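Notes to accompany the following structure.
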Amino acid sequence: MNRVRLLVLNAALGVLDYRVPQGMTVEPGSVVVAPLGPRQIIGIVWEAERLPGAEVPEAKLRPLLEALPVPPLKAPLRRLVEWTADYYCAPISAVARMVIGSGSALRGPATTTEYRLTGREPDRMTPKRAQALDALQGEQATMRELAELTGVSEAVLRGLASMGVLEPVTVDCDRPYPQADPAHTDVTLSAVQAEVAAELVDAVEAGAFAPFLLDGVTGSGKTEVYGEAVAAALRAGRQVLVLLPEIALTEAFLRRFEDRFGAPPVTWHSSLKSSERRRAWRAIAGGTAQVVVGARSSLFLPYANLGLIVVDEAHEVSFKQDDGVRYNARDVAVMRARFERIPVVLASATPALESLQMAEAGIYRKLDLPARFGGAQLPEIELVNLTEEPPERGHWLSPRLAAALADRLERGEQSLLFLNRRGYAPLTLCRKCGYRFQCANCSAWLVEHRFSQRLACHHCGHEEKPPLACPECGEPDCMVACGPGVERIADEVSGLLPQARIAVVTSDTLGSPEKAAAFVAEAESGAIDVIVGTQLVTKGFHFPELTLVGVVDADLGLEGGDLRAAERTYQQIAQVAGRAGRGTKPGEVLIQTRHPEAAVIAALAAGDRDAFYAAETEARRHAGAPPFGRWAAIIVSSEEEAEARVAANRLGASRPVLPDIAVLGPAPAPMALLRGRYRYRLLLNARRSAQVQDVIRAWLARLEFPRGVRVSVDIDPYSFV
Ligand code: ADP
Ligand code: ZN
């Protein structure tokens, strides 16, 4: 091969052809460095016939500069990249960037210098030095990372190093991970568990494409059961990927893996340090990372020898990425398994309707774990009709829920209150003029966070100090909170039960793995009486003393007309209810609602999952919604309102007229302003058989938009804001 076509990581550059110089060997999948004008770019050698583009004449071809010392990306991964770009109407280079994931991984072996404490005291203590020493306990990292970790400057740290308080350590950037041992522990499965596990183990050993839906109630032992399949893959010398929603990637989960296999899994998620990212990437590509537990982006990594994929909590909406390449990791996982010819397990207590439908159609094999392990009972669920048993004015907990909390406290048991709203209150007003505090960049209210004393936008991250006076009328000390967030509920609990030890658990308070681990340890030791949390507490945690779950506002998720609102409400409440009574004591769940008659609430109360799915299936069929029909969204945005509107209208005016695809809109998006961009939406509703992507591609290709306009396509959207 002396002429190659490159897939480059920058979409704007398109496809580029090069000559392979004498003495260099490359093959499809090789990662190379190529010249572009005065610059150097990274590209992946690709089959030319699969990447359409104009051919550069032979005489104009420039030679590649270097083939990078990493294994070539394998054909199944190359096919996955193509499929993902094609299906989600995304630039193929953007998908390829997710494969590369770490720039420094592409360079060969390397060492780096890290620093750690020696135990010596500094000659003179300063506040900065004290702060550094405090944060450095047990840490070892590069100067830059330590500076970030401690919040003091590198200069201060270098000073500490020069006086011998910190010492340098040379580390191999690619030091191997500890080896997992499939036989580390002997798990005794129940008869039902064993039967299910045997099927999965057989599939791993057979080494063929096999999609499974592992449908088991909370606490049934899904993790134990797929652990057997993981062990089988390890015995076969093959790699395993366990995909988790980012928020479920907790220390507790990782520890469980370590207990089972004698070594922690390799992790991959957004908060990895770049050195960890490099190390993980190279071990994954080199085949030495045996079990990878990662968030959705770990799906695109270049596993050398993948033998099994597990998607845990497979119904989770966070598997859907809503910026960049808008893919659904659950669906892409199945495609990867197909290309790799391996089994894939979707595990959930509340599967997505789409997954159940695939099982019903015989495409996925459904495996059931209908009961909790060890005879633990599913909790008793009761509704509290808030119109009949209202809380006191300005309060959010009904007398019955308040009494149940008091009762648990007396008995020394734990309670969990669930409200999916961070902060103190979702809306803040001026008491005098009614001014509403709103984000300048988004169509959203600013949320008061009392603990950290700030007003925050949950969409763009904008934060400000609460003003001393109303920006509109000047009234001093004017802010009135409207509605509850978890912080306000915590306040209410401490008013009711002054002696209760309360923990607020949200992404604000549990932002790091260390904080999460500390919380778990505290809760397990019985040092917490009442947990007040957002969806972060709905999954993964297993606290045997937790016997009461209160859902503060079950109707919250049903507002706003999201097309999956009912399903998501069902899943969230069923999951959080599953936290109750996991030990020997029975659990009780109180669900506060104003709509006890709503199908989803009634089904939750009756513990009748089938009734919910039946009602939801009918509603979806009626609406032509997935899995019976398909949706796609097109979002047109610009920093200029008029520019976005004009572009959206032009797009609307040139809509395709087809019997099997209806185009709705354009209309201003519910979040008409997001991160400073004005947004319009079009929604396509198509028959299942329609070639939606082809239609969209042809439609968009006919139009040109001003540079400030961004048009993004969302296939099978989850978010409708
Ligand atoms: P799920 O993932 O279905 O919610 P888990 O796998 O977390 O369930 O299991 C629930 C609890 O029961 C865990 O504490 C787990 O260790 C325990 N458990 C499940 N199956 C077994 C088993 N076969 N032997 C011992 N403990 C088990
Ligand atoms: Zn904002």
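Source: prediction; values computed, not measured. When a ligand or atom number is given, it counts from 1 through the structure's own listing order. FYI, the numbering just counts along the sequence from 1.
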So, the side chain of Glu464 versus the backbone of Arg454: is there a donor-acceptor pair under 3.5 Å, distance only?
-> no
Does Ser190, backbone or side chain, put an N or O under 3.5 Å from an N or O of ligand 1?
-> no
For ligand 1, is there an atom lying under 4.0 Å from some heavy atom of Arg372?
-> no
Would His458 count as a contact for the Zn ion (ligand 2), in the sense that one of its N, O or S atoms lies under 2.8 Å from it?
-> no
Decide, yes or no, whether a salt bridge links Lys366 with Glu360 under the criterion of side-chain N to carboxylate O below 4.0 Å.
-> no
Can you sort out which atoms of ligand 1 are near Arg582, meaning under 4.0 Å from one of its heavy atoms?
-> 4 (O), 7 (O), 10 (C)
Paired with Thr547, the side-chain hydrogen bond (donor to acceptor under 3.5 Å, both in side chains) test is passed by just one of Arg411, Arg408, Lys585, namely Arg408
Is it true that Arg235 and Asp181 make a salt bridge, defined as a side-chain N closer than 4.0 Å to a carboxylate O?
-> no
Please report which non-hydrogen protein atom sits nearest to atom 20 (N) of ligand 1, along with the residue it belongs to and the distance in Å to one decimal place.
-> Gln193 NE2, 3.0 Å
How does Thr188 reach ligand 1, by side chain, by backbone, by both or by neither, if only non-hydrogen atoms under 4.0 Å count?
-> backbone
Closest protein heavy atom (residue, atom, distance) for atom 16 (O) of ligand 1 | Glu224 OE2, 3.0 Å
For ligand 1, which atoms, with element, lie under 4.0 Å from some heavy atom of Val217?
-> 3 (O)
Residues Arg256, Glu224: salt bridge by 4.0 Å N-O rule | yes
Val225: heavy atom below 4.0 Å from ligand 1, yes or no?
-> no
Backbone or side chain, does Cys457 get an N/O/S atom under 2.8 Å to the Zn ion (ligand 2)?
-> yes
Classify the angle between the aromatic ring planes of Tyr435 and Phe437 as parallel (below 30°), tilted (30 to 60°) or perpendicular (above 60°).
-> perpendicular
Distance-only N or O hit between ligand 1 and Val187, under 3.5 Å = no
Report yes or no: is the cationic atom of Arg450 (NZ for Lys, CZ for Arg) under 6.0 Å from the centre of the six-membered ring of Tyr424, at an angle within 45° of the ring normal?
-> yes
Taking the six-membered ring of Phe543, is the NZ or CZ of Arg579 close enough (under 6.0 Å from the centre) and on axis enough (within 45°)?
-> no
Salt-bridge present (Arg675, Glu639; N to O < 4.0 Å) | no
Apex the Zn ion (ligand 2); atoms Cys442 SG and Cys460 SG; angle rounded to 10 degrees = 110°
The atoms of ligand 1 lying under 4.0 Å from a heavy atom of Leu189, numbered in the order shown, are 23 (N)
Atoms of ligand 1 less than 4.0 Å from Thr218 heavy atoms?
-> 4 (O)
Ranked by distance from atom 8 (O) of ligand 1, the top protein heavy atom is Gly221 N, 3.0 Å
Any idea which protein heavy atom is nearest atom 6 (O) of ligand 1, and the distance to it?
-> Arg256 NH2, 2.8 Å
Ligand 1 contact by Ser220, heavy-atom criterion under 4.0 angstrom | yes
Ionic contact status for Arg645 with Glu640, cut-off 4.0 Å = no
